[in-house]
There are 2 protein chains.
Amino acid sequence: MVAKINEITSLLKDKGLNVTEIRRQLVALLWTPGSALTQKEIEEALEQELGSVDRVTLYRNLRLLMEKQVIHQIPMDAQTVKYKLAGAHKKVDHPHFHCSHCDKLLCMPQVKIEENMLPGGFVIQSSHLIIEGVCDLCNIPQKPEEPLKD
Amino acid sequence: MVAKINEITSLLKDKGLNVTEIRRQLVALLWTPGSALTQKEIEEALEQELGSVDRVTLYRNLRLLMEKQVIHQIPMDAQTVKYKLAGAHKKVDHPHFHCSHCDKLLCMPQVKIEENMLPGGFVIQSSHLIIEGVCDLCNIPQKPEEPLKD
DNA sequence: TTGATTTTTGCAACCATGTTGCAAAAATAG
DNA sequence: CTATTTTTGCAACATGGTTGCAAAAATCAA
């Protein structure tokens, strides 16, 4: 985590944001590939790192980081939204794979949703896809991935 | 709408639910194929049909109808959930197409998400897909579908 | 480095919505 | 039609989104 401080600082500055402790921790939390957290999970994690964090401050920083496209919201189901570091992806909405074992949320840009999959006459503007299952690493019985959670 | 009262009553009874005015109106609202409404939209529509509806009553009935699988929630984006009449579909999650012109939400069971679309080792348990675009009817300039909204 | 300026934070406060308990009203069964 | 069960509407509380404002922190310039 410590090794990434410079990278995180650069990322924030590149996006025109001042560097504050909360922002650094927020980005650090989501820095790990596959990491995607709910607001509650973020709140609990920040609690540990920084002591209690004001919910308004968290709210404003999440909103700001979204505006600056540092992070994205991903609706997992009707009652759950996760936050994820925005990759260098062009499209806002690209497919994700959620591993029910290790809880990682991985980008799956190779999965394409195209008009020829639909009946005639339908035009696609964008699409949103989440695939739920078990990822390649967790799927090897000999070398199971540690769950991120717990 | 009137012609459907018997069908709606049967549907409710088949699911083991008593028939009340709110439940009938709720199902009637979502009866039209492609109809999918947010809670706010439902609230406003019921307002017109029944006068003001208590939000707790609406909340409890939506929850009940979901438990009985009469309706489903569909997360459209991070801040929007729509309710839709549950079809005779086996799988809870099946692809939908949302028309940005007429606002209809159509089931697209012909679109399949399969493991061979993923890198090796990934196993699919379920998937959730919403395609945003223009539907076949709205796509014919000569005969545009009336928007459901307005 | 220090002090001035700008930005961010933390708090009070408000609103919308989820959720429960309870008594009154409505639906169902006999 | 009446008795019983279910549902509704209301009060009340919890949670999370949202704003304004003063204190604290970060940035900038000398």
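Sequence lines set the chain letters: A, B, ... in the order given, protein chains first and strands last, and positions in each chain run from 1. Values below: every heavy atom of this structure, side chains too, minus hydrogens, waters and symmetry copies.
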- Task: For B:H94 and B:H96, work out which heavy atoms get closest and say how close.
- Result: O-ND1, 3.1 Å
- Query: With sugar-phosphate meaning primed atoms plus P, OP1 and OP2, does B:T20 contact a base, only sugar-phosphate, or nothing at under 4.0 Å between heavy atoms?
  - Reply: sugar-phosphate
- Task: Return the nearest nucleotide to the side chain of B:Y59; candidates are C:dT9, C:dG18, D:dT7.
- Result: C:dG18
- Item | Length of the CD-P vector between A:E67 and C:dT8, whole Å | 11 Å
- Task: Measure the distance from CD1 on A:I22 to P on D:dA24 and round it to the nearest whole Å.
- Result: 16 Å
- Message: If I take atom CG in residue B:L62 and atom P in nucleotide C:dT17, what distance separates them, rounded to the nearest angstrom?
- Response: 13 Å
- Look at the side chain of A:N18 and decide which nucleotide, out of D:dA26, C:dG18, D:dG9, has an atom nearest to it. D:dA26
- Nucleotide D:dT7, atom C1' - distance to CD of B:Q25 in whole Å: 16 Å
- Item | Along DNA chain C (nearest heavy atom to each residue), the more 5'-positioned of B:K13 and A:V56 | A:V56
- Test item: A:L105 and A:F97 side chains (from C-beta on) under 4.5 Å apart, heavy atoms: no
- Round to the nearest Å and state the distance from B:L64 atom CG to D:dT7 atom C1'. 10 Å
- Query: Would you call A:K82 and A:D103 a salt bridge, taking side-chain N to carboxylate O under 4.0 Å as the test?
  - Reply: yes
- Distance, rounded to the nearest Å, where B:L65 contributes CG and D:dT8 contributes P: 10 Å
- Message: For the residue pair B:E21 / B:Q25, report whether a side-chain donor-acceptor contact shorter than 3.5 Å exists.
- Response: yes
- Item | d(CD1, A:I42; C1', D:dG16) in whole Å | 14 Å
- Message: Categorize A:Q39 for me: base, sugar-phosphate, or nothing, with a 4.0 angstrom heavy-atom threshold over every strand shown.
- Response: sugar-phosphate
- Message: Looking only at the side chain of B:R60 (C-beta and beyond, no hydrogens), which of the listed nucleotides D:dT8, C:dC11, C:dT8 gets closest?
- Response: D:dT8
- Within less than 4.0 Å of OP1 or OP2 of D:dT7, is there a side-chain N or O belonging to B:R63? no
- Query: Within a strict 4.5 Å, meaning less than it, do heavy atoms of the B:Q125 and A:V134 side chains meet?
  - Reply: yes
- Task: Measure the distance from CD on B:E43 to C1' on C:dG18 and round it to the nearest whole Å.
- Result: 12 Å
- Task: Would you mind telling me which residue lines up with the more 5' stretch of DNA chain D, A:R55 or A:V19, judged by nearest nucleotide?
- Result: A:R55
- Item | Side chain of B:D54 - closest among D:dT8, C:dT9, D:dG9 | D:dG9
- Task: Looking only at side-chain atoms of B:K40, point me to the closest of C:dT17, D:dG9, C:dT9.
- Result: C:dT17
